[in-house]
Amino acid sequence: EAGVAQSPRYKIIEKRQSVAFWCNPISGHATLYWYQQILGQGPKLLIQFQNNGVVDDSQLPKDRFSAERLKGVDSTLKIQPAKLEDSAVYLCASSLTDAAYEQYFGPGTRLTVT
Amino acid sequence: KQEVTQIPAALSVPEGENLVLNCSFTDSAIYNLQWFRQDPGKGLTSLLLIQSSQREQTSGRLNASLDKSSGRSTLYIAASQPGDSATYLCAFSGNTGKLIFGQGTTLQVKP
């Protein structure tokens, strides 16, 4: 069974530029999560989708971050414009349906904003 | 505010030792508790999932326990090996599935 796929693996941009990350969850997983992990900290949830609907985006900085999950499968997370403090690893995870199930994580995208 | 605390922040042990990693959480209304391993520059690998109705889970040399009443979980690693060197993260979820993570314990096992 293929795992969670993410791309790109690494990205370096200048502040005020835009960037997009892509995630393909495990086949059949209805729930998709985006987490932000700043160096030395545990991951923090940015947004959670159930199929193509948003369950929780309370910690998403909506003035600069946006995310979508079209057709309830792949997802894209965008940052526009980027700030220095957005430098982090962006992790995508998926689970079968609800909270009873394990979350499986992708390899992450390491973003550096200079 | 829901918080997760992991102690110690870092640990260095000789190969072969048994060790315990601690995790405490402030919200007793948890749904699941999950332990993860993270290697440098990599994503998270799920090690063990304990549902709120369970007290412990075991996988190979790993055993995780959950005590909801005291807000604590422990990860026990038996006969540690250099390959166990990594950062270990615990996280709990409420009924929505959102995971709240601790900051992790970085383990080094010396040959």
Side-chain angles (χ1 to χ4, degrees), chain A residues 1-7 9-10 21 23-26 29-51 53-60 88-112, chain B residues 1-10 21-27 29-54 57 59 62 64 73 75 86-106:
Chain A
E1 178 183 80
V4 177
Q6 290 188 246
S7 68
R9 291 296 312 279
Y10 306 93
F21 312 129
C23 173
N24 181 237
I26 292 173
H29 280 195
T31 308
L32 185 147
Y33 308 81
W34 283 101
Y35 291 86
Q36 179 193 57
Q37 186 177 24
I38 294 172
L39 186 65
Q41 300 181 16
K44 179 186 76 173
L45 180 73
L46 292 175
I47 189 167
Q48 175 185 349
F49 293 95
Q50 180 79 13
N51 295 309
V54 175
V55 174
D56 185 346
D57 63 356
S58 58
Q59 296 189 83
L60 186 73
V89 176
Y90 291 84
L91 296 161
C92 179
S94 69
S95 66
L96 195 58
T97 53
D98 57 24
Y101 295 90
E102 275 183 271
Q103 291 185 31
Y104 295 90
F105 282 75
T109 297
R110 181 175 299 276
L111 174 67
T112 302
Chain B
K1 180 183 175 184
Q2 301 164 330
E3 289 187 355
V4 180
T5 303
Q6 291 190 244
I7 295 173
L21 307 182
N22 296 292
C23 172
S24 61
F25 47 92
T26 56
D27 189 348
I30 70 168
Y31 204 87
N32 287 334
L33 190 130
Q34 215 169 333
W35 281 92
F36 294 89
R37 169 184 173 140
Q38 187 171 34
D39 292 283
K42 302 290 179 66
L44 277 64
T45 300
S46 179
L47 297 173
L48 291 164
L49 170 72
I50 309 176
Q51 296 184 338
S52 61
S53 59
Q54 299 172 324
Q57 283 287 339
S59 175
L62 305 179
S73 176
L75 177 67
T87 296
Y88 291 82
L89 293 153
C90 74
F92 76 85
S93 68
N95 59 4
T96 65
K98 167 184 175 181
L99 286 173
I100 307 294
F101 283 87
Q103 293 194 323
T105 294
T106 299

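The chains referred to below are lettered A, B, ... by the order of the sequence lines, with proteins before strands, and numbering in each begins at 1. Treat the numbers as computed from the prediction; the structure is a model and nothing was measured.
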> Between A/Q37, A/Q6, A/R9, which shows the greatest number of heavy-atom pairs under 4.5 Å with chain B?
Replying inline: A/Q37
> Which bit of B/L44 is near chain A, if near means a heavy-atom gap under 4.5 Å: side chain, backbone, both or neither?
Replying inline: both
> Mind checking what makes side chain to side chain donor-acceptor pair (under 3.5 Å) contact with A/S58, not counting sequence neighbours?
Replying inline: A/D56
> What part of A/Q48 is in contact with chain B, defined as an atom under 4.5 angstrom from a non-hydrogen atom: side chain, backbone, both or neither?
Replying inline: side chain
> Do B/S46 and B/Q34 have side-chain N/O donor and acceptor atoms under 3.5 Å apart?
Replying inline: yes
>> Please classify the contact of B/Q38 with chain A as side chain, backbone, both or neither, using a heavy-atom distance under 4.5 Å.
In response: side chain
>> Once you measure the plane-to-plane angle for B/F101 and B/F36, does it fall in the parallel (<30°), tilted (30-60°) or perpendicular (>60°) bin?
In response: tilted
> In this structure, which one of A/Y90, A/Y33, A/Y35 forms a ring pair (Phe, Tyr, Trp, His ring centres under 6.0 Å) with A/F105?
Replying inline: A/Y35
